[in-house]
Amino acid sequence: MSVKKQNRKKGTLSVKVLLKSGLVLCVCIYVTYVFVNQQISLSKCDDIEKEYKEKILEAQRETQRLEDELEQTGTDEYIQRMAREKLDYVKPNERVFVDISQE
């Protein structure tokens with residue numbers, strides 16, 4: 001009878017150890033899965049952050065360009081340039097060449 005009890009204890013003990021090992025393995029797999037998903041999410045967030053930083057830099061450059069143009073609006077050169085570009089004005093006795101290949 002003592003042999004049967006020992007076999008039961010061994011069988012019960014091995015099942016408990018097997019269940020605990022399985023549980024530990026499942027927890028390890030879950031933790032690894034969560035870690036990998038977080039790394040992927042962080043990578044995506046870094047990419048989005050880089051895109052926004054580039055957009056901010058571009059907007060700052062555009063703002064600086066517009067501020068520079070605003071400073072020049074009162075000068076005679078700016079007025080002449082705008083008259084030439086927007087209104088197609090020319091100076092007296094100035095020759096104008098028209099490129100007909102673009103039309």
Side-chain angles (χ1 to χ4, degrees):
M1 193 140 152
S2 64
V3 174
K4 287 183 180 181
K5 286 183 181 179
Q6 285 179 353
N7 284 342
R8 274 192 214 165
K9 285 184 180 180
K10 285 184 182 179
T12 307
L13 183 63
S14 65
V15 170
K16 286 181 182 179
V17 170
L18 189 61
L19 286 175
K20 285 181 183 178
S21 298
L23 182 63
V24 169
L25 180 65
C26 289
V27 168
C28 289
I29 290 172
Y30 176 73
V31 168
T32 304
Y33 172 77
V34 169
F35 180 74
V36 169
N37 275 344
Q38 286 180 346
Q39 291 301 318
I40 292 170
S41 295
L42 284 174
S43 176
K44 288 179 183 177
C45 288
D46 287 341
D47 293 341
I48 292 170
E49 179 185 17
K50 287 178 185 177
E51 287 178 22
Y52 281 121
K53 283 184 178 181
E54 288 175 11
K55 287 181 180 181
I56 289 171
L57 286 174
E58 185 179 326
Q60 288 173 342
R61 282 185 287 232
E62 179 67 14
T63 302
Q64 184 63 40
R65 185 190 67 78
L66 291 172
E67 286 175 356
D68 293 343
E69 188 175 325
L70 182 63
E71 288 176 7
Q72 296 175 359
T73 55
T75 63
D76 289 338
E77 292 131 8
Y78 178 80
I79 293 170
Q80 288 176 3
R81 185 168 46 97
M82 286 297 116
R84 286 176 177 270
E85 289 176 8
K86 306 281 182 183
L87 303 173
D88 294 328
Y89 283 0
V90 294
K91 292 182 180 180
N93 299 325
E94 184 178 32
R95 288 188 176 177
V96 178
F97 297 95
V98 178
D99 187 7
I100 60 171
S101 65
Q102 291 181 353
E103 293 179 5

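Both backbone and side-chain heavy atoms feed into the values below; hydrogens, waters and symmetry mates do not.
The CD atom of E71 sits 9.0 Å away from the OG1 atom of T73 when rounded to the nearest 0.5 Å. D47 CG to Y52 OH: the interatomic distance, rounded to the nearest 0.5 Å, is 12.5 Å. Distance check, rounded to the nearest 0.5 Å: CD of E77 to CZ of R81 gives 9.5 Å. To the nearest 0.5 Å, atoms SG (C28) and CG (L23) are separated by 9.5 Å. Taken from CD in Q80 to CE in M82, the straight-line distance is 12.0 Å, to the nearest 0.5 Å.
Side-chain contact between T63 and Q60: absent, with no pair of heavy atoms (C-beta onward) separated by less than 4.5 Å.
Atom CG of D68 is surrounded by more than 12 heavy atoms from other residues, nucleotides or ligands within 6.0 Å. More than 12 heavy atoms of other residues, nucleotides or ligands shown are found within 6.0 angstrom of CD on E62.
Each of L19, V17, L25, V24 was compared with S21 under the side chain to side chain contact (heavy atoms under 4.5 Å, CB included) criterion, and only V17 meets it.
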Exercise. Stepwise, does the side-chain contact (heavy atoms from CB on, under 4.5 Å) test hold for L57 with R61?
Worked result: CA-CA 6 Å; L57 286 174; R61 282 185 287 232; 4.1 Å; yes
Exercise. Going through the checks in order, is the salt bridge (charged side-chain N to carboxylate O under 4.0 Å, His left out) test met by K50 and E54?
Worked result: CA-CA 6 Å; K50 287 178 185 177; E54 288 175 11; over 6 Å; no
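Between the side chain of S41 and the backbone N or O of N37 there is at least one donor-acceptor pair closer than 3.5 Å.
For the pair R65 and E69, the salt-bridge criterion is met [side-chain N within less than 4.0 Å of a carboxylate O].
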